[in-house]
Each structure stands twice: as C-alpha cells, then as structure tokens.
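Before any comments, here is the structure.
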There are 2 protein chains.
Amino acid sequence: MFYPPGVIRMLDVDTDLAPLRCHLDAAGVDGYLIDDDASDADQRYVSGFTAPDPYQTLVTDDGVHLLVSGLEYGRAKSDADADTITRLSAYDYRELVAKYGAAEGKIHALAAFLEDHGVDSVSVPRNFPTGTADGLRDHGIEIDLESEGVVEEIRAIKTEPELEAIRESQRANEAAMARAEALIASADVAGDGTLLTTDGDPLTSERVTEEIEVTLLRHGCGLDDTIVACGVDGADPHDRGSGPLEADELIVIDIFPRSKETGYHADMTRTFARGDPGVEARRRYEVTRDAYETALEAVEAGVTGADVHDAACDVIEAAGYDTLRSDPDTETGFIHSTGHGVGLDVHEQPSVSPSGGELEDGHVISIEPGLYDPGVGGVRIEDLVVVTEDGYENLTDYRVGLEPTS
Amino acid sequence: MFYPPGVIRMLDVDTDLAPLRCHLDAAGVDGYLIDDDASDADQRYVSGFTAPDPYQTLVTDDGVHLLVSGLEYGRAKSDADADTITRLSAYDYRELVAKYGAAEGKIHALAAFLEDHGVDSVSVPRNFPTGTADGLRDHGIEIDLESEGVVEEIRAIKTEPELEAIRESQRANEAAMARAEALIASADVAGDGTLLTTDGDPLTSERVTEEIEVTLLRHGCGLDDTIVACGVDGADPHDRGSGPLEADELIVIDIFPRSKETGYHADMTRTFARGDPGVEARRRYEVTRDAYETALEAVEAGVTGADVHDAACDVIEAAGYDTLRSDPDTETGFIHSTGHGVGLDVHEQPSVSPSGGELEDGHVISIEPGLYDPGVGGVRIEDLVVVTEDGYENLTDYRVGLEPTS
C-alpha cells in the first residue's frame with residue numbers, strides 16, 4: 001500500500017470553478033478532464049479527493065464527476081467534493097482489461113464514462129497523458145489542449161481556509177528554522193574552523209537537516225527535502241549541501257515543509273554565519289537584504305511579478321552585481337527568479353520572474369532574492385507573503401540577521 | 001527552491017539500456033524521449049540525474065542525451081550518467097520563450113535538440129505530456145506511444161547496488177516497526193479499552209505514525225505516508241487510520257520508507273492486537289499468515305505474478321473467505337492484489353496480481369495478502385523479497401506475530 005505525498009484529506013476550500021467553466025465555454029468543449037493520481041495538485045483541488053490509485057476528474061457545466069477504482073469508492077463518496085462518483089466496475093472494467101489490456105481497457109472505460117456525461121470534447125492540461133489523449137481521440141473524443149493552466153490559476157488565489165493552512169505550515173517552518181539556527185549558534189568551533197556539536201562531533205549539513213525534519217514532523221509537517229548549504233555548496237542554489245559546517249562561512253538554510261494534514265506548503269530561507277565570513281560576504285548579505293526589502297515593498301495587487309523581480313534586480317545591479325537580467329549567461333550574482341507561488345505545490349503560480357503576470361489579492365508568493373559566487377558562497381533571504389489590495393501580509397515571523405542566536 | 005522527493009544523488013546502478021534499444025529498433029524510431037521532472041523514476045534511472053527543474057532525456061543508439069536548464073548544467077555534468085548534456089540556452093531559449101511563450105518556446109528548443117541528434121521519430125511513455133507530444137508533432141516529429149513501460153521493465157530487475165540500497169531501507173523500516181510495536185506493547189489499557197501512553201494520554205494512530213517517521217528520519221529515510229489503522233479503519237486497506245488505538249482490536253501497521261540517500265524504497269506490514277481481538281480475528285490472522293507463507297513458497301523465477309496471487313487466493317477461499325477472484329464485487333475478504341514491485345517507486349513492476357506476468361531473477365516484490373471486514377477489522381502481513389532462480393531471498397527480518405512485544 002502507499003499514498004502519494006502530502007495530504008490526509010482535502011481541505012474544504014470553497015473551490016470556485018467559475019473561471020474553469022468560462023474556459024470551457026471559450027474553448028467550446030463539453031468538459032475539462034484530468035487523468036492522474038493524487039500527486040497532481042490540480043486534481044486534488046478540483047475533486048476535493050486524494051487517493052493512492054489514479055483516478056479521473058471531469059468538470060462539466062452540471063458538476064464535478066469522478067471515475068475511481070472500487071477500492072476508492074467508499075472514501076470518495078464520503079470525502080470527495082464531487083457531484084457524481086462512478087466506479088470503474090460500472091463499465092465492466094475487469095472484462096475490458098481482460099479483452100484489451102490494462103491501458104486500452106482503461107481508455108474504453110473512460111470513453112464510456114465521458115459518453116454517460118454527454119461529453120464528446122474535453123479540454124485537458126498540457127501534462128495530460130499522451131496515451132490517454134490519443135486513446136480518447138481514437139474513440140472520437142475531441143481533445144483541446146489548454147494553453148495556460150486554468151486550474152493552477154484558480155488555485156493561485158487562496159481562500160481564507162487555505163491561508164490559515166499555509167500560516168500553520170509556516171509556524172512549523174519557524175520552529176524548524178529556530179532549531180537549526182540554535183544548533184549553529186551553540187556549536188563549538190574546532191581549531192580548523194569546523195563547527196562541532198556539544199558531543200564534539202562535526203556539525204554537518206546532514207545533522208542539521210535531520211533536526212529540521214524531526215522538528216517539522218513534531219509539528220505535523222513532512223517535506224520533500226531541505227537545503228543546508230555552507231560555503232561553496234551555498235553558491236549553487238540547487239545544491240542541498242553536505243558535510244561539516246564551517247565557521248566564517250555563509251550557511252544558507254531553505255526549508256519548505258508540507259502540512260501532513262492539509263497538504264499546504266510553506267517556504268522560508270535564512271542565511272547565517274558563525275564568526276566572520278568577511279567584508280564581501282557581509283556586503284552581499286546587506287545587498288540581498290536590501291533587495292528582499294525593496295521587492296517586498298513593491299508587492300501589491302495590480303503590479304506584475306515581473307515588476308517585483310525588476311525591483312530586486314535594480315538593487316542588486318546598482319550594487320555592482322550581475323543578474324540574469326543584466327547578463328543572461330552569468331553563473332554568479334542573482335541567478336534565479338525573485339519568487340514563486342506556494343500552496344498545494346511548493347512551486348506554483350504566480351511567478352515572480354521576468355515572465356510574471358499581474359499579482360492578485362490572495363496570491364501567496366515567496367520573495368527570495370539571493371547572491372551567489374563560488375569564491376564567497378551564497379546568500380538568500382526568503383519570506384512568504386500573501387498579496388493584498390494595498391500591499392501584502394507577511395506570513396513569515398522570523399528575524400532577519402546574519403549572526404545566529406539560540 | 002525545492003527538490004522533488006526521494007533522492008540526493010542517483011546510485012550508479014550499471015543501467016543496462018540494451019532492452020530499450022531493442023524496443024527502439026522494433027518500433028523503428030530514432031530515439032526514446034522522456035519529458036518530466038526528477039519525480040519520474042524512469043527519467044532518474046535512465047539519466048542518472050535528479051534535479052528540481054524539469055528536464056528531457058533522449059536515448060539513441062549512440063547514447064543518453066540530456067537537455068537541462070542553465071541552473072542544472074553544472075551538477076548535470078558532474079552527476080548525470082549521460083553521454084551529452086545540453087543547456088536550453090544553446091537554443092536561445094530565452095528568445096524563444098519571449099517570442100512564443102513558455103510552453104511553445106520549450107517545444108521549439110526541444111525540437112532543435114532532437115534535430116541536433118538526428119532524431120525525427122521518438123518512442124515515448126504513455127504518460128508523456130500531451131502538450132509536448134502534440135507540439136513535437138507540429139514540428140514534424142513522429143511520436144510512437146509505447147504500449148508497455150519498457151524502462152519500468154528494465155528497472156524491475158534490480159542490480160546488486162540496488163538490492164543493497166533496498167536492504168538498507170528495509171533495515172530502517174524494521175527499526176521503525178519495532179518502535180511502533182513497542183509503543184503498543186508497552187501501552188497501558190484504560191477502563192474503556194483505550195491504549196494509553198506512559199504519560200496517560202491516549203495512544204493514537206497519529207502518535208505512533210509520528211514515532212515511526214521520526215525513527216525513519218533518524219535512519220536516513222523519508223516517506224510519503226504511513227498506515228496505522230485500528231479496528232474498522234483497518235478494514236479499508238487505503239485508510240491511514242486516525243484517533244486512539246484500542247485494546248482487543250486488530251491494528252494494521254504498513255510502513256514504506258524511501259532512502260533519502262538512494263531513493264530506493266522498502267515496504268513491510270505487520271498486524272498486532274493488544275489483549276484479545278476475538279476468535280474470528282485470530283482465525284483471520286492465521287489464515288492470512290498461511291496465505292502469506294503459501295504465496296512466498298510459490299515465488300521463484302519463471303512462475304507468474306498471477307500464479308503467486310492464485311496461491312494466496314486458494315488459501316483464503318479454502319478458509320471460506322471471499323477474494324476478488326471468487327467475487328469481483330466483494331467489499332470484504334481479500335480485496336487487493338498479493339503484491340507489487342518495489343524500487344525507485346514504492347509501486348512498480350512486476351505485479352503480483354491476476355494480470356501479473358513472469359517473475360524474473362532480480363525482481364523485488366512485496367507479498368502482502370490481507371483479510372478485511374468492517375465487523376472484525378483488517379489483517380495484513382507483508383514481507384519484501386527478491387526473486388531468485390530457485391525461489392526468493394527475503395529482504396525482511398521481522399517476526400510475524402499478532403501479540404506485540406517490546
């Protein structure tokens with residue numbers, strides 16, 4: 001047995017699918033179809049259901065309709081936010097699989113399910129399985145590929161229950177960050193500069209990561225991974241970090257937990273240094289902090305994610321560092337986007353990057369500028385905020401400072 | 001920043017892609033293409049690489065070729081098991097996105113990448129994104145949809161480094177199961193039958209799950225979820241369980257961790273009862289144990305997964321209980337398959353079910369018959385084994401017994 005990660009039972013988020021129905025009208029199709037397992041956040045959001053087995057969600061003008069396996073049927077009826085729930089066995093699924101094989105048998109059952117709902121054309125997400133799309137086309141179903149992720153756009157605007165779930169995840173995140181900061185603050189420093197635990201063992205990235213993850217579990221959160229990256233490791237934003245942590249080096253800690261109860265994520269980054277990381281590292285910290293504060297000040301409904309990204313780039317370029325805006329090929333400086341949406345997925349819409357569109361009231365976004373150079377290390381400072389009409393509400397309550405305190 | 005779950009760095013598993021190249025010859029196409037992020041185990045396996053950003057893996061007669069973002073390029077060069085690695089920027093990706101948008105821009109870059117490798121026809125997995133498939137078709141690329149998952153078939157046969165990784169995960173699993181069993185064994189029993197912690201609090205599914213997950217983290221494993229299901233909860237194989245655990249009830253504990261180091265999973269289930277769950281529950285435990293032992297005896301290279309499943313069904317039906325074989329619509333009795341492959345995915349090939357094909361030397365499978373009835377509760381007993389020419393090697397070292405001991 002297994003479950004896809006991340007959620008025990010879907011929150012009742014008062015899903016407003018009106019924009020999805022507008023999309024269906026505009027596309028001139030009968031329905032919107034998702035064929036995935038519950039690891040797909042769009043499917044969880046639209047169906048209000050999560051299950052180990054793959055299932056199909058169909059949205060039509062008259063409701064949300066699920067096609068599930070027999071094992072899921074009971075829980076789907078009690079848990080799912082759907083108007084109708086149909087078992088595969090309603091279409092003699094076993095006989096179909098015996099006759100056509102598992103893949104083709106599923107297509108036959110799905111085609112019959114669509115016919116039952118009077119659907120002969122569907123809009124599908126870009127990641128819809130080609131096997132299912134081509135199979136349904138063979139059954140005469142018209143497949144309209146959506147250009148934008150309409151469900152992800154709907155998910156991007158959080159309702160109050162969703163905001164509360166994200167706040168809870170960020171509270172757990174703050175407890176985990178505090179645990180990590182305290183380990184670094186209270187570490188002894190060996191003669192060679194290695195940080196030591198109170199047992200005299202080297203304090204490693206792996207050890208700090210383990211304490212972060214245990215703290216998150218104690219607060220009801222799981223997570224996919226954590227970044228605790230010291231020195232040159234931290235100069236690669238995608239390096240998790242490994243090995244002993246060192247004094248006089250920048251240490252980037254990026255934690256992005258997921259509530260095991262609700263499935264909603266949080267995200268926060270802080271950068272610390274024990275001892276003196278040097279003048280250049282301190283300057284980079286202050287420039288990053290300035291970019292982070294300036295980007296936050298730029299956040300409000302109506303501005304674009306690109307505007308906010310530009311605000312961060314302006315500060316960093318003015319300080320004399322490269323960005324991907326000033327040099328698309330640079331491998332040092334500010335080499336990623338300023339932020340991203342956070343919700344059921346840890347990376348979702350909207351984007352706070354050169355391609356970022358208009359920010360709306362209720363968007364939850366990270367603001368996380370950084371500066372990277374193998375010779376100096378990495379700095380990144382990240383808060384999670386919700387966009388409001390006149391600015392933002394910061395969902396993060398954690399001190400910003402280079403020197404760790406316990 | 002974020003990482004997809006499950007692996008720090010791919011194991012060097014001496015990937016043998018010969019069967020994949022045979023598939024390409026048989027299909028008469030130039031290459032095999034995967035377009036996904038590292039949450040796709042096939043892509044991780046073939047590329048020997050894992051990264052937060054989506055990337056593309058192309059297999060041709062002359063090698064494995066990756067198309068990655070600039071942020072991934074450095075690690076891809078050092079980590080990936082690929083013959084060539086190309087950056088998106090090699091195809092003026094930014095200009096393409098500016099001109100065509102993100103989705104179409106990616107298609108243009110991917111088409112240019114395929115052209116560079118002399119590829120104008122590709123075989124793709126059934127879950128290949130429809131957006132990419134249709135986009136490449138518009139660029140004149142022929143898309144051949146594979147009927148079977150050829151890479152998953154290759155992954156199903158484990159090499160020695162993979163078996164060692166799975167053994168390590170199962171060691172962690174045994175430590176976590178022992179922790180859970182000890183909590184149940186050492187619990188006090190309240191007047192109403194509720195199990196109590198030494199603090200006098202109710203011992204809940206959530207509490208036992210937390211201790212399991214902390215133990216796994218301490219042993220280098222993460223996990224998506226855990227099942228600790230008591231009484232009627234346990235009668236639904238997909239119910240995680242919740243609330244206080246009770247004496248005189250069956251408690252199903254199913255743990256399926258993933259090594260954070262290697263990404264390889266383990267899987268084990270035990271069923272316990274404090275006090276006396278009653279004659280019928282004890283009989284069901286013995287019948288399930290008999291089915292589990294009989295199924296294990298049936299395992300060897302050359303028999304089919306269906307044969308092994310039938311062996312378990314024979315025992316359960318002979319004892320007078322329903323199976324999905326005897327009654328496809330039953331909601332009680334043995335209502336799932338006997339087992340599944342375990343590796344980079346916790347559910348993968350081969351299948352130990354009515355559709356299960358021939359078992360081969362090196363297949364790692366779970367054997368997990370169970371009996372379920374809301375009036376009695378659930379019983380499931382599961383070991384993880386590797387198929388050998390003359391039987392199996394059991395990768396699980398954990399006592400089978402209904403009464404918990406600490």
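Keep in mind that the numbers below use all heavy atoms, side chains included, and drop hydrogens, waters and symmetry copies.
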Could you have a look at A:R87, A:H265, A:E210 and say which one has the most heavy-atom pairs with chain B under 4.5 angstrom?
A:E210
Between A:P328 and B:R94, the two heavy atoms sitting closest are O-NH1, 3.4 Å
Does any heavy atom of chain A fall under 4.5 Å from the side chain of B:D236, the backbone, both, or neither of them?
side chain
Under the salt bridge (Lys or Arg N to Asp or Glu O under 4.0 Å) test, residues paired with A:E206 that sit two or more places apart:
none
Go through the atoms of B:E146 and report whether side chain, backbone, both or neither lie under 4.5 Å from a heavy atom of chain A.
neither
Using a cut-off of under 4.5 Å for heavy-atom pairs, which of B:L145, B:N127, B:V124 has the most such pairs with chain A?
B:L145
Hey, does B:R137 have a side-chain heavy atom less than 4.5 Å from the side chain of A:T130?
yes
Chain A heavy atoms under 4.5 Å from B:R218: which part of the residue, side chain, backbone, both or neither?
both
Looking at B:I335, B:D329, B:L217, which has the largest count of heavy-atom pairs under 4.5 Å with chain A?
B:L217
Rounded to the nearest 0.5 Å, the CG atom of A:L216 sits from the CD atom of B:E213 at a distance of 12.0 Å
Would you say that more than 12 heavy atoms from the other residues, nucleotides or ligands in this model lie under 6.0 Å from the CD of A:E104, or not?
yes
For B:D345, enumerate each residue passing the side chain to side chain donor-acceptor pair (under 3.5 Å) test, keeping only those at least two apart in sequence or located in another chain.
B:R155
When rounded to the nearest 0.5 angstrom, what is the spacing between CZ in B:R240 and NZ in A:K260?
8.0 Å
What option among B:D134, B:D36, B:T209 has the most heavy-atom pairs under 4.5 Å with chain A?
B:D134
Would the number of heavy atoms belonging to other residues, nucleotides or ligands and lying under 6.0 Å from CD of A:E331 be above 12?
no
